[in-house]
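Here the structure is laid out as structure tokens; the discussion comes afterwards.
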Amino acid sequence: QVQLVESGGGLVQAGGSLRLSCTTSGIIFRIYAMGWYRQAPGKQRELVAAITSDGTTNYVDSVKGRFTISRDNAKNTVYLQMNSLKPEDTVVYYCNAPKGWDNYWGQGTQVTVSS
């Protein structure tokens, strides 16, 4: 059974910080690229940040300089450190791992940024 479980979402004021965590099971975590996505109502799910098995990272332009993705292979966990949060960051964030042509997804964690 493959399972991705996100945590760390919540309510924060604009300019504040949160750290999201995604703990995985059922995959050989160290060989997987991992990603964080978000999806606003009526929008396509958007890749926010990704990290390869060797630690190479990539970010959507809107979060560059504010968000940092990292991984801890010993804990089978990927993180998303979110700083300088803006109200437009208010959305559900999802952890992702590849599954052939498809993907494994976590249940999502809600981030709400108040102005």
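Heavy-atom basis, side chains included; hydrogens, waters and symmetry copies ignored. Bear in mind that the values here come from a model prediction, so they are computed numbers and not experimental data. The residues of the chain are indexed from 1 along the displayed sequence.
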(request) May I ask you to list the residues sharing a hydrophobic cluster with Leu47, side-chain cutoff 4.5 Å, ordered by chain and number? (result) Tyr37, Val92, Tyr94, Trp105

So, taking the atom named [atom1] in [X] and the one named [atom2] in [Y], what distance separates them when rounded to the nearest 0.5 Å?
X      : Y     : atom1 : atom2 : answer
Leu20  : Tyr93 : CG    : OH    : 7.5 Å
Leu80  : Arg19 : CG    : CZ    : 10.5 Å
Trp36  : Cys95 : CH2   : SG    : 5.0 Å
Ser115 : Glu88 : OG    : CD    : 10.0 Å
Lys86  : Ser62 : NZ    : OG    : 8.0 Å
Ile51  : Asn58 : CD1   : CG    : 11.0 Å

Would you say [X]'s side chain and [Y]'s backbone share a donor-acceptor pair under 3.5 angstrom?
X     : Y      : answer
Arg66 : Ser84  : yes
Glu6  : Gln107 : yes
Tyr59 : Ile69  : yes
Thr24 : Asn76  : yes

Looking at every non-hydrogen atom in both residues, tell me the closest pair between [X] and [Y] and how far apart they are.
X     : Y      : value
Val91 : Gln110 : O-NE2, 3.5 Å
Pro98 : Asn103 : CA-OD1, 4.0 Å
Asn83 : Ser17  : OD1-OG, 2.8 Å
Ala97 : Ile27  : CB-CD1, 4.4 Å
Lys43 : Gln39  : O-NE2, 3.2 Å
Thr77 : Ser21  : CG2-CB, 4.3 Å

(message) Would a single hydrophobic cluster contain both Leu85 and Tyr79, if residues Ile, Leu, Val, Met, Phe, Trp and Tyr are joined by side-chain heavy-atom contacts under 4.5 Å?
(response) no

(request) Is it possible for you to say whether Val5 and Ile28 belong to one hydrophobic cluster, with membership spreading through side-chain heavy-atom contacts below 4.5 Å? (result) no

Could you check if a side-chain atom of [X] sits within less than 4.5 angstrom of a side-chain atom of [Y], using non-hydrogen atoms only?
X     : Y     : value
Gln1  : Ser25 : no
Phe67 : Asp89 : yes
Val12 : Met82 : no

(request) Kindly indicate, with the supporting measurements, whether the criterion side chain to side chain contact (heavy atoms under 4.5 Å, CB included) is fulfilled by Val63 and Arg38. (result) CA-CA 12 Å; Val63 309; Arg38 63 187 181 187; 4.0 Å; yes

(request) May I ask you to check if Arg71 and Phe29 form a cation-pi contact, with NZ or CZ under 6.0 angstrom from the six-membered ring centre and within 45° of the axis? (result) yes

(message) Whether the Thr112 and Thr90 side chains hold a donor-acceptor pair (N or O, under 3.5 Å, no angle test) is what I'd like checked.
(response) no

